[in-house]
Amino acid sequence: MFEARLAKGAIFKKILEAVKDLLTEASWDCGDMGITLQAMDNAHVSLVSLNLRSDGFDKYRCDRNLTMGMNLGSMSKILKCAGNDDIVTIRAQDNPDTVTFVFESENGEKQSDYEMKLMSLDLEHLQIPETEYACVVKMPAGEFARICRDLSQFGDSIVISCSKQGVKFSASGDIGSANVKLAQSSNVDKEEEAVTIEMQEPVSFTYACRYLNFFTKATPLSAQVKLSMSPEYPLMVEYAIDDIGQIRYFLAPKIED
Amino acid sequence: KVKQAGIMSFFKKK
């Protein structure tokens with residue numbers, strides 16, 4: 001028996017919005033420690049790694065480890081049926097063919113359940129090696145989404161350069177060029193509005209706008225986003241998910257041919 | 001000229 005109950009059910013709705021355009025299907029791996037999902041996009045350019053810790057759920061029971069293959073478009077359709085304030089429970093038997101989503105209104109007067117067929121997916125899991133990043137930028141998630149959207153008008157790539165002075169986002173194309181520079185915040189009252197930079201060495205890499213814009217679908221999950229960069233390593237874009245976990249996106253850079 | 005790298009050139013299969 002597997003059962004995971006989350007009073008803040010809207011988190012699940014936001015997670016699906018954050019992955020459904022990038023991934024068509026994925027395996028949800030459930031165990032004692034919680035729920036994880038790892039999947040590459042179809043073109044194998046990026047990797048999504050989601051982690052939801054069991055202690056972050058209001059109720060969590062997992063008698064046996066199980067892997068549930070799901071079509072994320074179908075799962076998203078079902079989660080759209082949940083209200084923003086609904087309590088969401090995910091339930092499955094051991095060795096399941098189906099998974100059940102139960103939505104309860106806050107006052108307990110409405111309860112709906114949706115059963116979805118599972119898929120047998122034979123997906124590769126990748127080893128994500130530990131690394132010390134050369135640059136780690138923390139900034140407001142909404143600001144990052146805005147910059148990616150704005151610069152996407154100029155070309156299909158964004159260059160992210162990070163130095164002691166700050167972080168610079170650049171794009172160029174047929175209509176011209178664009179640069180957005182952010183300095184490290186000197187004095188912030190609200191932590192979530194701060195821009196902070198931890199730098200070992202300056203870096204500058206080129207990334208595809210298309211994927212960055214997919215990643216920013218996670219913006220509603222978190223006030224801040226963390227961008228981590230190193231030579232010979234993919235960009236990591238991380239959004240914390242309340243006190244339950246995080247979603248990380250890894251993106252391979254564009255390199256000189 | 002730049003080209004898009006694949007994620008598997010950085011992360012290997014488990």
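Order of the sequence lines fixes the chain letters, A, B, ..., with proteins taken first and strands second; residue numbering starts at 1 for each chain.
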message = So which atom in Ile255(A) and which in Ala5(B) form the shortest heavy-atom distance, rounded to 0.1 Å?
response = CD1-CB, 4.1 Å

query = So does Met116(A) have more than 12 non-hydrogen atoms from other groups sitting under 6.0 Å from CE?
reply = yes

ask   = Using non-hydrogen atoms only, which part of Glu256(A) is less than 4.5 Å away from chain B: side chain, backbone, both, or neither?
value = both

key: Inter-residue atom distance Ile128(A).CD1 - Phe10(B).CZ, 0.5 Å rounding   = 14.0 Å

note = Separation between NE2 (His44(A)) and OG (Ser9(B)), nearest 0.5 Å, reads 12.0 Å

message = Does any part of the side chain of Met40(A), heavy atoms only, come nearer than 4.5 Å to the side chain of Ile7(B), both counted from C-beta?
response = yes

ask   = Between Met8(B), Lys1(B), Lys3(B), which residue shows the highest count of heavy-atom pairs closer than 4.5 Å to chain A?
value = Lys3(B)

inquiry  = I'd like to check Leu126(A) versus Lys14(B) (side-chain heavy atoms, cut-off strictly below 4.5 Å). Are they in contact?
reply    = no

ask   = More than 12 heavy atoms of other residues, nucleotides or ligands under 6.0 Å from NZ of Lys217(A): is that the case?
value = no

query = In terms of heavy-atom proximity below 4.5 Å to chain A, should Lys12(B) be classed as side chain, backbone, both, or neither?
reply = backbone

query = Okay, side chain of Gln4(B), backbone of Ala252(A): is any donor-acceptor separation there less than 3.5 Å?
reply = yes

ask   = Under 6.0 Å between ring centres, would you say that holds for Phe250(A) and Phe11(B)?
value = yes

